[in-house]
Number of protein chains: 2
Amino acid sequence: MHEVSAVETALHGLRTLIADGSLHPGDRMPSEGELSERLGVSRGSIREAIRTLSALGVVETRRGAGTYVGELRAADMIGTLSLTVGLLPLESILELYELRRVLEAHAVSLSAARCDDATLAGLGDLLDRLEASEDVDEQSALDHEFHMGIVRLCGNESLGAMVAVLRSRSRAYPVLTPETKRVSDAGHRAILRALVSRDPVAASVAAAAHVAQSEVWLRERRPAPEAMVGPEA
Amino acid sequence: MHEVSAVETALHGLRTLIADGSLHPGDRMPSEGELSERLGVSRGSIREAIRTLSALGVVETRRGAGTYVGELRAADMIGTLSLTVGLLPLESILELYELRRVLEAHAVSLSAARCDDATLAGLGDLLDRLEASEDVDEQSALDHEFHMGIVRLCGNESLGAMVAVLRSRSRAYPVLTPETKRVSDAGHRAILRALVSRDPVAASVAAAAHVAQSEVWLRERRPAPEAMVGPEA
DNA sequence: CCGGTAAAACCTGTCCTACAAGTCTGTGTC
DNA sequence: GACACAGACTTGTAGGACAGGTTTTACCGG
């Protein structure tokens, strides 16, 4: 047996406060000083426990104002993964493509039954600009906007957040060349056509094929294995 | 503009050390004291940054020995979510059922093409014991073992980890009654039959139906909204 | 030369104090 | 009532000190 560490005690205490209903989403937590006194651990240990919960999207702190319980939405917690996928090796990214393919295909098929004409027109404009663009960064941004614009329609925030996480790293690898871009553009049009037809199955197939195509390109090119770091804060 | 905080500086420095290839999975990181000196922030801030990365599964610390870079596997990082799903309200759990249904169905269909006879026999034994069991806790454990045993076969660790996360909370809600258990048992047998037939489509459908059934039960019963906390450390 | 043991160096875990910097509150003035 | 301001409160950061672990080193006996 080993003594329970102070930070673990603090973490358990904080989790209990949230889990047993004492604190609700948006509530302000007791101050670090009060928690330190109530849980019998130093303020430093309390802060480390809060950092843990903060990293996981459970709480957020505002300097001078206090620490607040987060909204406790699954999408927020899933979103915290995006901070770590940037550290994964390429092999892991390829492994995650399978998740992305399945989830994005499902999300798109849901969206096919939910989109309205105005949204579809907006997506069409996006594709027009994407097809006309010659700047790689702009292409990446428009591609991302197109995909996420569709996924957000699916009605399940967790699903959208997960797809966003899985997409976040792929954007760092430029697989678009003039030749592949024509295939990519055709894939986007196929997805949009399926949405216009309100055809979930066709949309799902088109999305899965599009993602699978990206995976093939990435697997072929195997870009320089240099990792990357997020932008400066 | 606002001054970049010390912890952010530390976090960026640590991430950079891993991302730029200075440190590889399993390597030992510089000591807190050295990092404090090199990055120009106090040791406390370094520790908070390390806590953040630790919560996200990027590093792990061993008292007295040092802090080590994790294996940087996607499955590990996805697994960190299981610590937070215990805090989500029931509504979020129901939202996550859609993810679980899609992912588990896909995983099971992959497993259908990969399982061997010995494994299938083991799964059959599990079902025999599950059907004979009258203890709710034992039923829950066997059910979990059956499902995860299949999912692990799929060959994608990230997929397995994600399903494990999505399942982790559902186990806390007892939806099995003598009547629902008969339906559940039949669902398990349908999945196993599909696996024995090496039929991915049938396996996928059976798994999706089984998960959907669980969701319906949970939605009907809407158990007491008391949240729960993990076991003591 | 080898093996084992004890000491030393090192590292993380924890607590304490002190202060800086930001936010909120209540009071008093106009 | 609106505004300004002082005070209380809260988080952010730094530094020191020690406890409790682990790893390395040095020493000694065989």
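A, B, ... follow the sequence lines: proteins, then strands. Residue 1 opens every chain.
- B:S45 has no side-chain polar atom (N or O) that falls below the 4.0 Å cut-off from OP1 or OP2 of D:dG12.
- For C:dG13, the base has a donor-acceptor partner in the side chain of B:R43 [N/O atoms by modelled type, under 3.5 angstrom].
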### Query
Can you check side-chain contact (heavy atoms from CB on, under 4.5 Å) on A:R51 and B:R47, steps first, answer last?
CA-CA 10 Å; A:R51 277 280 169 196; B:R47 281 184 64 81; over 6 Å; no
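- A:G66 comes within contact range of the sugar-phosphate backbone alone, with a heavy-atom separation under 4.0 Å but no base atom that close.
- Annotation: B:E37, atom CD; neighbour count of heavy atoms from other residues, nucleotides and ligands within 6.0 Å does not exceed 12.
- One atom, CZ of B:R63, and another, C1' of D:dA19, lie 7 Å apart when rounded to the nearest Å.
- Residue B:E32 contributes atom CD, which lies 16 Å from atom P of C:dC10 at whole-angstrom precision.
- Nucleic acid contact class of A:R47 (heavy atoms, under 4.0 Å, all strands): base.
- Distances shorter than 4.0 Å separate some side-chain N or O of B:S42 from OP1 or OP2 on D:dA14.
- Here C:dT14 presents its P atom at 13 Å from CD1 of B:I50, a figure rounded to the nearest Å.
- If you take CD of A:E34 and P of D:dT10, they are 8 Å apart, rounded to a whole angstrom.
- We find that CD1 of A:I46 is positioned 14 Å from P of D:dT10, with the value rounded to whole Å.
- Among the nucleotides C:dC15, C:dC24, C:dC11, the one closest to any side-chain atom of B:S31 is C:dC11.
- In this structure, A:T67 does not reach the D:dT10 phosphate: none of its side-chain N or O atoms is under 4.0 Å from OP1 or OP2.
- Computed from coordinates, the A:Y68 OH to D:dT10 C1' distance equals 10 Å when rounded to whole Å.
- Look at CG on A:L39: it is 15 Å from C1' on C:dC15, rounded to the nearest Å.
- If you take CG of B:L35 and C1' of C:dC10, they are 15 Å apart, rounded to a whole angstrom.
- Both B:R28 and A:V41 sit near DNA chain C, but only B:R28 has its closest nucleotide nearer the 5' end.
- Relative orientation of the B:H210 and B:H188 rings is tilted, given thresholds of 30° and 60° on the angle between their planes.
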